[in-house]
Amino acid sequence: MKELFKINQFNLMASDMIALNRSLPDVRLDGCKAKVYPDDLPNTSIVIVFHNEAWSTLLRTIHSAINRSPRHLLLEILLVDDASDRDFLKDKLEHSVRTLEVPVRILRMEKRSGLIRARLRGAAATRGQVITFLDAHCECTMGWLEPLLARVKEDRRAVVCPIIDVVSDDTFEYMAGSDMTYGGFNWKLNFRWYPVPQREMDRRKGDRTLPVRTPTMAGGLFSIDRSYFEEIGTYDPGMDIWGGENLEMSFRVWQCGGSLEIITCSHVGHVFRKATPYSFPGGTGQVINKNNRRLAEVWMDDFKDFFYIISPGVARVNYGDVSSRKALREALQCRPFSWYLENIYPDSQIPRRYFSLGEIRNVETNQCLDNMGRKENEKVGFFNCHGMGGNQVFSYTADKEIRTDDLCLDVSRLNGPVVMLKCHLMKGNQAFEYDAEKGTFLHIITQSCLTISRLEGGTYGPTVEYCDGSPLQSWVLHNYTRLEVFKKLYYSSTDYFL
Ligand code: UDP
Ligand code: MN
């Protein structure tokens with residue numbers, strides 16, 4: 001079992017022992033089971049790209065899609081082999097899909113291209129009204145397809161994802177995903193799941209069977225109207241192997257007039273892996289940085305600074321030519337990233353209004369605040385300033401928080417430790433008022449100043465003490481925007497409170 005695990009980074013022995021048409025629990029909300037969909041839904045082509053996928057997971061994806069889709073809604077399945085070198089994915093695969101009741105076509109990339117260009121190839125060959133993308137290790141559950149197609153029929157600019165259930169990489173047990181999480185991202189441009197915020201629950205008036213408007217998607221599983229896929233600019237063909245394409249499409253869809261939604265009545269399982277089984281020609285970091293840089297350059301305007309400053313390697317990567325993607329943004333008259341942050345992702349880790357971004361340096365010790373690897377609920381540290389971004393990047397925001405990604409400096413009492421807690425935007429222990437002349441951070445609730453000093457318990461570190469004008473209480477913010485400039489830049493919004 002352990003040997004086989006290494007091949008695909010999941011329990012291949014377990015997968016091989018499980019039927020290709022195994023039964024799955026019906027994990028839908030009761031309100032979903034009762035829904036009735038129109039008879040005249042658009043049909044779909046399914047596109048599955050793979051590089052060296054295991055036999056049983058690939059075939060189970062195909063069988064579950066065929067067995068659990070109304071025959072008239074599933075026009076065809078396109079498999080795109082991204083230059084796999086396993087023998088069973090050649091003739092044997094061709095032979096075993098020939099007799100299925102849905103036409104399955106296999107396209108082969110001449111050389112390893114990555115999932116983005118492989119999907120582009122598959123999509124270009126589709127004939128369905130809707131394109132549905134799936135990873136090669138998925139399982140479709142009862143009723144998965146109708147709600148996706150119904151939403152696309154209702155609004156052709158809705159790009160829709162199922163709830164992605166978890167197929168355990170260890171046991172292949174099927175576990176329901178949550179309808180209470182949606183997609184976001186952090187300063188490193190990693191896709192992350194976050195709780196669906198209250199404002200979105202309110203918008204749906206508490207009806208959990210209605211679509212969740214999600215800022216980003218995981219990327220592997222979604223349906224899109226075929227003509228809209230073309231219109232909105234398909235994918236960025238300059239992206240390699242894996243990564244970034246999901247955020248690129250998420251930003252593009254929202255900024256250019258579409259919507260991205262999780263259809264909570266549709267459930268599809270996916271084997272989530274902890275490691276990647278395949279190689280990244282060119283190096284994993286390089287490839288992902290390149291893809292992310294392309295999307296940041298095209299879609300994020302000045303907010304790309306958050307990504308660049310925290311990941312110094314990104315600035316050195318050769319990201320090729322993005323002029324055609326910028327021309328696309330122009331042609332579609334897409335909105336700025338600030339609009340996306342304000343309207344689609346107000347709970348983003350990237351503050352829409354901020355005074356500074358970069359290191360925070362103590363005047364007396366000449367050392368910098370350091371988040372010590374972003375561990376929640378741990379003390380913020382200080383170290384010699386290294387100017388390499390990473391753990392020494394903080395943003396002082398218009399909400400008066402000192403923030404690093406999703407964590408904020410938080411202190412509850414005089415001489416207490418300054419810890420990193422999830423930003424809550426409720427002021428309280430997380431609100432600091434910066435005085436640019438004195439360089440002080442007044443901790444508003446305790447009316448004391450951020451300093452480096454002996455903490456209760458005897459250790460030495462950042463804390464708050466009575467303000468005494470000492471240089472230990474003075475801090476220099478990198479690229480601090482003076483208040484007046486800031487006001488000119490941002491004083492347009494009514495929720496601005498300074
Ligand atoms: N894939 C591909 N070529 C690549 C990398 C990935 O065709 O160079 C396929 C892979 O086989 C899978 C899909 O793209 O079907 C998504 O990749 P993966 O499952 O590794 O991504 P994850 O789900 O871990 O994000
Ligand atoms: Mn996958």
Side-chain angles (χ1 to χ4, degrees), residues 1-25 27 46-69 74 77-86 88-89 92-93 96-97 100 102 104 106-107 109 112 114-116 118-119 122 132-142 144-145 148 161-177 191 193 217-223 241-243 245-246 266-280:
M1 183 184 80
K2 282 191 172 150
E3 280 306 306
L4 290 173
F5 193 99
K6 294 176 196 158
I7 303 174
N8 295 91
Q9 293 297 335
F10 51 63
N11 189 341
L12 182 56
M13 191 183 89
S15 178
D16 286 349
M17 290 169 71
I18 293 170
L20 298 181
N21 64 348
R22 70 159 163 176
S23 307
L24 293 175
V27 296
I46 294 180
V47 173
I48 300 170
V49 305
F50 62 90
H51 175 73
N52 285 340
E53 186 61 45
W55 178 262
S56 54
T57 44
L58 175 59
L59 270 286
R60 201 175 295 114
T61 307
I62 298 168
H63 282 259
S64 69
I66 293 176
N67 293 342
R68 301 211 174 87
S69 305
L74 179 50
I77 298 177
L78 277 114
L79 304 179
V80 186
D81 172 9
D82 187 14
S84 303
D85 46 33
R86 308 217 167 128
F88 60 79
L89 294 170
K92 185 182 173 200
L93 181 63
S96 41
V97 299
L100 297 173
V102 170
V104 179
I106 306 181
L107 308 173
M109 306 300 284
R112 176 82 181 280
L115 78 94
I116 297 110
R119 280 197 195 145
T132 298
F133 293 97
L134 295 178
D135 270 12
H137 33 259
C138 287
E139 282 180 80
C140 303
T141 68
M142 182 184 318
W144 75 287
L145 187 58
L148 297 175
C161 312
I163 289 184
I164 308 180
D165 294 333
V166 176
V167 176
S168 164
D169 60 338
D170 182 29
T171 62
F172 275 72
E173 178 190 2
Y174 197 94
M175 297 173 280
F191 170 86
W193 299 105
M217 67 166 157
L221 294 65
F222 66 97
S223 295
I241 307 298
W242 179 98
E245 90 295 341
N246 57 331
S266 172
H267 280 261
V268 177
H270 169 260
V271 185
F272 287 90
R273 296 184 274 214
K274 295 174 189 76
T276 317
Y278 44 77
S279 65
F280 276 65

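Note that the numbering runs from 1 along the sequence shown for the chain.
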Atom [atom1] of [X] and atom [atom2] of [Y]: how far apart are they, to the nearest 0.5 Å?
X      : Y     : atom1 : atom2 : value
Ile77  : Ile46 : CD1   : CD1   : 5.0 Å
Ile48  : Leu58 : CD1   : CG    : 6.5 Å
Phe172 : Arg22 : CZ    : CZ    : 8.0 Å
Asn11  : Asp16 : CG    : CG    : 9.0 Å
Glu139 : Asn67 : CD    : CG    : 11.0 Å
Leu12  : Glu3  : CG    : CD    : 12.0 Å

Nearest heavy-atom neighbours spanning Glu53 and Asn8: C-ND2, 3.9 Å
Identify the heavy atoms of Gly122 and Val80 that sit nearest to each other, and give their distance.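 Heavy-atom minimum between the residues: CA-CG2, 3.6 Å.
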So [Y] and [X], do their side chains get closer than 4.5 Å, heavy atoms only?
X      : Y      : result
Val49  : Asp82  : no
Ile163 : Val27  : no
Phe133 : Leu221 : no
Ile106 : Val97  : yes
Leu145 : Arg68  : no
Leu20  : Ile62  : no
Trp144 : Cys138 : no
Phe50  : Leu89  : yes

I'd like to know if the side chain of [X] reaches the main chain of [Y], judged simply by a donor and an acceptor atom lying under 3.5 Å from each other, with no hydrogens or angles considered.
X      : Y      : value
Ser168 : Glu173 : no
Ser84  : Asn52  : yes
Asp169 : Phe5   : no
Ser64  : Cys140 : yes

Can you name the side-chain hydrogen bond (donor to acceptor under 3.5 Å, both in side chains) partners of His63, sequence neighbours left out? none
Quiz question: by atom type and distance under 3.5 Å, do the side chains of Thr57 and Ser15 form a donor-acceptor pair? no
Within 6.0 Å of CE in Met142, more than 12 heavy atoms from elsewhere: no
Might you work through the salt bridge (charged side-chain N to carboxylate O under 4.0 Å, His left out) test for Asp135 and Arg60, ending with a clear yes or no? CA-CA 11 Å; Asp135 270 12; Arg60 201 175 295 114; over 6 Å; no
